[in-house]
Number of protein chains: 2
Amino acid sequence: MFHARIFVTRRPSILEPEGRAIKQALGTLDYDEVTTVRMGKLADLEIDVAERSEAERIAEEVAEKLLANPVMEDFSVEVSPVETPTAA
Amino acid sequence: MFHARIFVTRRPSILEPEGRAIKQALGTLDYDEVTTVRMGKLADLEIDVAERSEAERIAEEVAEKLLANPVMEDFSVEVSPVETPTAA
């Protein structure tokens, strides 16, 4: 069993209005040190396979086919084993 | 200058319908190995301060005050220095 975290972000050249709005709100709260805010999506998956490479393949396919818009968005994937109390 | 990535996720006890819908779609695509999907939010901030501890403090305050709903959501923060070509 593996845990996969998928990060989906807009490509740097594409305007991201939600982050822009948050940046503006931060200005009114005097957080002037924050120069850029860009929002993205996060997906946490549990994948029940034996091999890490298999979990990575599935997570990348899920990101590509369902989660990310390939024209506007980039994605990256992090896979880690799920610790189970019964693991030797 | 630091880069902060803020992860906002629903608390495990709270239903997350978007992930449920994606899980269902994955079933019809024969990804039965994916047993759970939970969606969350991601914020990428650039913070123009000299000290990492200061960047961490600001990112945590931003997450707490603006990004996360403390009743339903948890957040975590990762801070890393931004490499600049002019750095000695």
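We name chains A, B, ... by the order of the sequence lines, and we start the count at 1 in each one.
The environment of Arg20(B) atom CZ is sparse: at most 12 non-hydrogen atoms of other residues, nucleotides or ligands sit within 6.0 angstrom.
Within the 4.5 Å cutoff, no side-chain heavy atoms of Thr35(B) are placed close to those of Ile47(A). Taking 4.5 Å as the limit, some side-chain heavy atom of Leu67(B) sits within range of a side-chain heavy atom of Met39(A). Looking at Phe2(B) and Glu33(A), their side chains never come closer than 4.5 Å, going by heavy atoms from C-beta outward. Between His3(B) and Thr36(A) the shortest side-chain heavy-atom distance does not fall below 4.5 Å.
In the hydrophobic cluster analysis, where Ile, Leu, Val, Met, Phe, Trp and Tyr join through side-chain heavy atoms closer than 4.5 angstrom, Ile6(B) is grouped apart from Leu42(B). Hydrophobic clustering of Ile, Leu, Val, Met, Phe, Trp and Tyr side chains at less than 4.5 Å, counting indirect connections, unites Val8(B) with Leu29(A). Val37(B) and Met1(A) fall into different hydrophobic clusters, where Ile, Leu, Val, Met, Phe, Trp and Tyr residues are linked whenever their side-chain heavy atoms come under 4.5 Å apart, directly or through other members.
No other option in Val62(A), Asp48(A), Thr9(A) has as many heavy-atom pairs under 4.5 Å with chain B as Asp48(A). Between chain A and the residues Ala25(B), Ala4(B), Gly40(B), the largest count of heavy-atom pairs under 4.5 Å involves Gly40(B). Put simply, of Lys41(B), Glu54(B), Glu46(B), the one with the most heavy-atom pairs under 4.5 Å next to chain A is Glu46(B).
The distance from the CZ atom of Phe7(B) to the CG atom of Asp44(A) is 9.5 Å, given to the nearest 0.5 Å. The NZ atom of Lys23(A) lies 12.0 Å from the CG atom of Leu66(B); values are rounded to the nearest 0.5 Å.
For a residue to count as touching a neighbouring chain, one of its non-hydrogen atoms must lie under 4.5 Å from one of that chain's; by this rule Val49(B) touches chain A with the side chain only.
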